[in-house]
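For reference, the structure discussed in these notes is given below.
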Amino acid sequence: MTQSPTASLRQAVQAIAPEFVRIRHQIHAHPELAFEERRTSDLVAEQLAAWGYAVHRGLGTTGVVGTLRKGDGGKALGIRADMDALPIQEQTGLDYASTIAGKMHACGHDGHTAILLCAAKYLAESVDFNGTLNLIFQPAEENEGGALHMLEDGLFERFPCDEVYALHNSPGMPVGQIGVIAGPAMASFDRATVTLHGRGAHGAMPHHGIDPMQCAASIVLGLQSIVSREIDALKSAVITVGSIQAGSTYNVVPESATIKIGVRTLDPRVRTLVETRIREFVTAQAQSYQLQSEVVYERKYPVLVNHAVQTEYARQAAIRLVGTDNVVERPPVMGSEDFAYMLEQRPGAYIRLGNGLGEDGGCMVHNPQYDFNDKALPVGAAFWAHLAQSYLV
Ligand SMILES: [Zn+2]
Ligand SMILES: [Zn+2]
């Protein structure tokens with residue numbers, strides 16, 4: 001029987017994986033929220049330096065870039081991992097569970113960091129390549145756009161990358177599988193804060209006031225008609241009213257109401273249409289109820305678009321690593337990811353890594369019972385190592 005060309009790579013990565021499972025558990029026990037990743041970035045920087053990487057710190061506050069050059073080739077590859085945790089109280093009961101109340105690695109970024117460190121060691125100590133490897137450890141993926149902060153600090157000017165890649169673990173996908181898709185893969189995320197200004201009154205005599213509550217209710221219901229009646233049914237948009245705050249008791253017509261709205265789309269034109277229509281709809285509704293209104297609309301993460309050539313490159317690398325049967329087409333999801341900012345500036349792709357099914361890694365991310373699956377660590381590390389080695393030739 002002939003051995004697959006990547007079998008020896010997989011064995012070598014498997015052999016060093018236990019060290020990185022231990023590192024993963026250390027990071028898991030000490031979760032840090034957005035821009036607080038000091039202990040984690042210290043650990044990353046120390047490890048990279050020990051293997052001969054030139055280490056650059058402080059991009060996007062707590063970001064770390066490790067650069068390793070081998071040979072005289074002019075190609076440069078970027079691989080990114082995220083380091084931040086979430087404000088969730090962990091309920092896993094694991095012996096390496098979070099030691100910090102109210103903070104938890106519930107999205108597996110501890111795993112992503114350990115995967116890239118494992119690949120970093122292998123690539124530094126065990127193989128040759130020809131070119132420049134830039135390993136990007138970013139802060140604050142959750143909500144705060146750490147990727148954008150690193151870009152604003154000159155990430156790609158200081159560390160030029162021809163292409164850039166990242167991965168995320170995927171509960172519900174078996175360990176050993178890798179998922180790819182070209183084109184839009186994750187949604188844009190925008191938020192709108194609507195304030196309706198009315199006039200307070202006694203609840204028994206509402207005609208003396210102008211009631212923002214009535215209008216708020218009408219807006220909450222009416223907004224869904226933008227999705228159901230104005231967007232092509234074959235396109236995607238989600239408008240979620242996540243918060244509505246007005247008044248405090250039974251017998252008072254409140255002065256004002258505030259509505260917080262999250263918007264997700266997979267297409268820049270749909271994104272613009274939804275923004276325009278939310279503004280128009282809210283303003284017109286407020287006028288019809290004789291209220292003053294304000295809409296603060298913030299564009300946050302862009303649509304994550306995987307570039308066709310780089311997605312195919314990643315797909316072929318994955319096929320060589322785990323075989324055709326284990327490389328799946330992953331449909332887009334309406335979650336968001338700030339790696340989208342990096343893909344706006346450089347070609348690349350975002351890959352899904354199976355985290356397991358059911359009891360074995362199937363718990364969804366952002367759940368207090370979630371844990372990254374250590375069995376996926378060597379698969380991810382071998383994937384990065386193989387991608388880097390085959391790209392930097
Ligand atoms: Zn997350
Ligand atoms: Zn995540």
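We count ligands from 1, going down the list as the structure has it; atoms in each ligand are counted the same way. Just so it is clear, the values below take in all heavy atoms, side chains as well, and ignore hydrogens, waters and symmetry mates. FYI, the numbering just counts along the sequence from 1.
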Only protein N/O/S atoms count here: give how many lie under 2.8 Å from the Zn ion (ligand 2).
-> 3
Could you check Arg22, His25, His105, His30 and say which one makes a side chain to side chain contact (heavy atoms under 4.5 Å, CB included) with Tyr96?
-> His25
Partners passing side-chain contact (heavy atoms from CB on, under 4.5 Å) against Pro347 (at least two apart in sequence or in another chain) | Glu163, His307, Gln310
Got a donor-acceptor contact below 3.5 angstrom from the Asn130 side chain to the Gly73 backbone?
-> yes
side-chain contact (heavy atoms from CB on, under 4.5 Å) partners of Thr92, counting only residues at least two apart = Glu90, Leu94, Ala97, Met104
Distance-only donor-acceptor hits, side chain of residues 147-159, under 3.5 Å, sequence neighbours excluded:
from   : atom 1 : to    : atom 2 : distance (Å)
Asp153 : OD2    : Gly60 : N      : 2.7

Of the options Val55, Leu135, Thr62, Val64, which is the one that meets Val44 in a side chain to side chain contact (heavy atoms under 4.5 Å, CB included)?
-> Val64
